[in-house]
Asker: 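I have a structure I would like to understand better, so I am pasting it below and will then ask my questions one at a time.
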Amino acid sequence: MLVDSHCHLDYMARDGDLDDVLARARNSGIETLLKISTSLETYPEVRDIAAADDRIFCTVGVHPHNAEKEPDVKAEQLIELADANPDTVGIGECGLDYFYEHSPRDVQQAVFREHITAARVTGLPLIVHTRDADQDTVDILTDEMEKGAFTGLIHCFSSSDWLASRMLAQGFYLSISGIVTFKTAEALRDTVSKTPLDRLLVETDAPYLAPIPKRGKRNEPAFTAFTAAKVAELKGVSDDEIASITTDNFFNLFKKARKAA
């Protein structure tokens with residue numbers, strides 16, 4: 001059993017092959033999937049995909065790319081939507097992206113803080129996207145943590161040892177994507193090898209970032225197994241062990257999620 005802790009199944013739904021994608025995921029041992037919200041406008045679609053399958057959970061949030069389109073999102077909205085839906089188990093994807101900067105930095109930061117407030121109030125984990133914004137991400141999370149504790153993870157972790165150590169010190173988890181299999185990802189593999197097993201999750205970020213040997217194809221949840229195998233190799237454990245550990249980690253973090261029968 002594996003968990004794909006971060007995927008965007010709405011892309012597959014729009015492509016018309018979501019049922020086939022989910023069947024391949026089951027055949028590959030992916031028993032739980034977390035469908036990630038990137039805007040409030042599309043949240044109903046996200047929610048409906050989760051409602052149709054007891055293996056799928058979802059989140060509610062606004063991606064930093066979309067912060068300028070939805071700058072007025074408030075914690076109260078996120079809290080209300082999360083509380084109203086049993087399948088909504090996390091807050092995000094939210095955070096800071098200074099690589100593309102599709103939204104102004106001040107808007108990204110303000111929207112990020114609203115998500116943190118929602119995570120604190122609901123007790124749901126915060127799913128953080130950070131790219132080329134390590135210092136501001138740490139500064140905001142540290143400042144907000146002083147206002148009251150919350151839990152969360154850095155999704156698609158591919159940054160520095162410094163960010164990893166700061167996030168682990170705050171009780172966060174690191175979610176590892178197919179990037180860990182890329183030839184150029186030696187620094188990431190070194191970070192993963194040093195990260196405690198009880199703080200690791202695995203994800204696809206599908207349809208993006210397909211792992212080797214599927215590089216160049218549309219990513220999908222079934223490919224979680226390739227990422228998990230690389231993490232198992234780096235940690236010196238078996239594939240079965242990494243599946244068990246990362247699954248337990250997911251449910252320890254996402255306490256609102258329920259294991260499928």
Asker: Report yes or no: do M1 and L33 belong to one cluster of Ile/Leu/Val/Met/Phe/Trp/Tyr joined by side chain heavy-atom distances under 4.5 Å?
Answerer: no
Asker: Are side-chain heavy atoms of V138 and M167 found at a separation under 4.5 Å?
Answerer: yes
Asker: The test is side-chain hydrogen bond (donor to acceptor under 3.5 Å, both in side chains); show your working for D134 and S159 and say whether it passes.
Answerer: CA-CA 8 Å; D134 288 5; S159 192; 2.4 Å; yes
Asker: What are the two closest heavy atoms between P125 and V89, and how far apart are they?
Answerer: CD-O, 3.3 Å
Asker: Can you run down the salt bridge (charged side-chain N to carboxylate O under 4.0 Å, His left out) pairs that involve residues 160-176, sequence neighbours left out, and say none if there aren't any?
Answerer: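 Counting only pairs at least two positions apart or across chains, the salt bridge (charged side-chain N to carboxylate O under 4.0 Å, His left out) contacts touching residues 160-176 are D161-K194.
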Asker: With the 4.5 Å side-chain cut-off for hydrophobic clustering, are L209 and V21 part of the same group?
Answerer: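 In one cluster with L209: V21, yes.
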Asker: Say whether, by atom type as modelled, one donor and one acceptor occur between the side chain of K235 and the main chain of T195 under 3.5 angstrom.
Answerer: yes
Asker: Could you give the distance from CG (D48) to NZ (K35), rounded to the nearest 0.5 Å?
Answerer: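 NZ of K35 is found 11.5 Å from CG of D48.
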Asker: About how many Å separate CG of L124 and NZ of K256, when rounded to the nearest 0.5 Å?
Answerer: 5.5 Å
Asker: In Å and rounded to the nearest 0.5 Å, what is the CD1 to CG distance from I49 to L9?
Answerer: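 That separation rounds to 6.0 Å.
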Asker: Throw together a table of side-chain donor-acceptor distances under 3.5 angstrom for residues 144-156, partners on residues two or more places apart or in other chains.
Answerer:
{"unit_1": "E144", "atom_1": "OE1", "unit_2": "R120", "atom_2": "NH2", "d": "3.0"}
{"unit_1": "E144", "atom_1": "OE2", "unit_2": "R113", "atom_2": "NH1", "d": "2.7"}
{"unit_1": "E144", "atom_1": "OE2", "unit_2": "K147", "atom_2": "NZ", "d": "3.1"}
{"unit_1": "H155", "atom_1": "ND1", "unit_2": "H6", "atom_2": "ND1", "d": "3.3"}
{"unit_1": "H155", "atom_1": "ND1", "unit_2": "E203", "atom_2": "OE1", "d": "3.2"}
{"unit_1": "H155", "atom_1": "ND1", "unit_2": "E203", "atom_2": "OE2", "d": "2.9"}
{"unit_1": "H155", "atom_1": "NE2", "unit_2": "E93", "atom_2": "OE2", "d": "3.0"}

Asker: Within 45° of the axis and under 6.0 Å from the centre of the six-membered ring of F226, does NZ or CZ of K214 qualify?
Answerer: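 Pair K214/F226 does not count as cation-pi.
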Asker: Is there a side-chain contact (heavy atoms from CB on, under 4.5 Å) between V60 and L40 once you walk through the steps?
Answerer: CA-CA 7 Å; V60 59; L40 296 190; 3.8 Å; yes
Asker: Kindly indicate whether the side chain of Y43, heavy atoms from C-beta on, has any atom under 4.5 Å from the side chain of N85.
Answerer: yes
Asker: Evaluate the side-chain contact (heavy atoms from CB on, under 4.5 Å) criterion for residues R55 and L22: first the C-alpha distance (whole Å), next the side-chain angles of each, then the deciding distance (0.1 Å), finally the verdict.
Answerer: CA-CA 10 Å; R55 295 177 298 155; L22 294 177; 3.5 Å; yes
Asker: Do the side chains of L34 and V3 get nearer than 4.5 Å, heavy atoms only?
Answerer: no
Asker: Are I179 and F157 side-chain neighbours, meaning at least one heavy-atom pair lies under 4.5 Å?
Answerer: no
Asker: Hey, are the side chains of L96 and I140 touching, using non-hydrogen atoms and a 4.5 Å cut-off?
Answerer: yes
Asker: When clusters are formed by joining ILVMFWY residues with side-chain heavy atoms under 4.5 Å apart, either directly or through shared neighbours, do I242 and I176 land in the same one?
Answerer: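 Both belong to a single hydrophobic cluster.
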Asker: Closer than 3.5 angstrom, by distance alone: can the side chain of S103 be matched with the main-chain N or O of P64 as a donor-acceptor pair?
Answerer: yes
Asker: H129 pairs by side-chain hydrogen bond (donor to acceptor under 3.5 Å, both in side chains) with which of T137, T38, D97?
Answerer: D97
Asker: In Å and rounded to the nearest 0.5 Å, what is the CD to NZ distance from E31 to K259?
Answerer: 11.0 Å
Asker: Please report the C-alpha distance between T246 and V231 in whole Å, then the side-chain angles of each, then the deciding distance to 0.1 Å, and finally whether the side-chain contact (heavy atoms from CB on, under 4.5 Å) criterion is met.
Answerer: CA-CA 10 Å; T246 56; V231 173; 5.6 Å; no
Asker: State, to 0.1 Å, how close L197 and N249 come at their nearest heavy-atom pair, and which atoms those are.
Answerer: O-ND2, 2.8 Å
Asker: Could you report the tightest heavy-atom contact between T59 and V46, atom names first, then the distance?
Answerer: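 Heavy atoms of T59 and V46 come nearest at O-CG1, 4.0 Å.
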Asker: Tell me the closest heavy-atom pair linking S39 and S37, and the distance in Å.
Answerer: O-OG, 3.4 Å
Asker: The criterion is ring pair (Phe, Tyr, Trp, His ring centres under 6.0 Å); which residues satisfy it with Y208, sequence neighbours excluded?
Answerer: Y11
Asker: Treating N219 as the side-chain partner and T204 as the backbone partner, does any N or O pair qualify as donor plus acceptor under 3.5 Å?
Answerer: yes
Asker: Provide the closest heavy-atom pair for C58 versus R47 in the form atom of the first, atom of the second, distance.
Answerer: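 In terms of heavy atoms, the two residues are closest at SG-CA, 4.1 Å.
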Asker: Check whether T247 reaches the backbone of S244 with its side chain - one donor and one acceptor, N or O, closer than 3.5 Å.
Answerer: no
Asker: What's the separation between atom CD1 in I116 and atom CG in L78, rounded to the nearest 0.5 Å?
Answerer: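 Rounded to the nearest 0.5 Å, the CD1-CG separation comes to 11.5 Å.
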Asker: Is there a side-chain contact between L141 and F112 in this structure, where contact means two heavy atoms from C-beta onward sitting under 4.5 Å apart?
Answerer: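 Result yes, sub-4.5 Å side-chain heavy-atom pair found.
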Asker: Does E241, at its CD atom, have more than 12 non-hydrogen atoms belonging to other residues, nucleotides or ligands within less than 6.0 Å?
Answerer: yes
Asker: Cluster partners of F99, using ILVMFWY side-chain heavy atoms under 4.5 angstrom, listed by chain and number?
Answerer: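 Direct or chained contacts put F99 with Y100.
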Asker: Roughly how far apart are L201 CG and T227 OG1, rounded to 0.5 Å?
Answerer: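 Reported value, rounded in 0.5 Å steps: 12.5 Å.
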Asker: The criterion is side-chain hydrogen bond (donor to acceptor under 3.5 Å, both in side chains); which residues satisfy it with D15, sequence neighbours excluded?
Answerer: R218
Asker: May I ask you to test the K183-R215 pair for a side-chain heavy-atom distance under 4.5 Å?
Answerer: no
Asker: Counting C-beta onward and ignoring hydrogens, is there a side-chain heavy-atom pair between C94 and L126 closer than 4.5 Å?
Answerer: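 The answer is yes, as the side chains (C-beta and beyond) meet within the 4.5 Å cut-off.
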Asker: Hey, could you give me each pair passing salt bridge (charged side-chain N to carboxylate O under 4.0 Å, His left out) that has a residue in residues 67-92? Not counting sequence neighbours.
Answerer: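 Listed by first then second residue: D87-R258.
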Asker: I'd like to know if I79 and L81 are part of one continuous hydrophobic network [Ile/Leu/Val/Met/Phe/Trp/Tyr, side-chain heavy atoms within less than 4.5 Å].
Answerer: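 No: no chain of side-chain contacts under 4.5 Å links L81 to I79.
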Asker: If hydrophobic clusters are built from ILVMFWY residues whose side chains come within less than 4.5 Å, do F172 and V202 share one?
Answerer: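 The answer is yes; both residues are in one hydrophobic cluster.
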Asker: What heavy-atom pair brings A225 and L2 nearest, and what distance separates the two atoms?
Answerer: CA-CD1, 3.8 Å
Asker: Using side-chain contact (heavy atoms from CB on, under 4.5 Å), reason through D17 and R24 one step at a time and then give a plain yes or no.
Answerer: CA-CA 11 Å; D17 65 342; R24 288 193 291 271; 4.1 Å; yes
Asker: Given 3.5 Å as the limit, does a donor-acceptor pair link the side chain of N252 with the main chain of D248, or not?
Answerer: yes
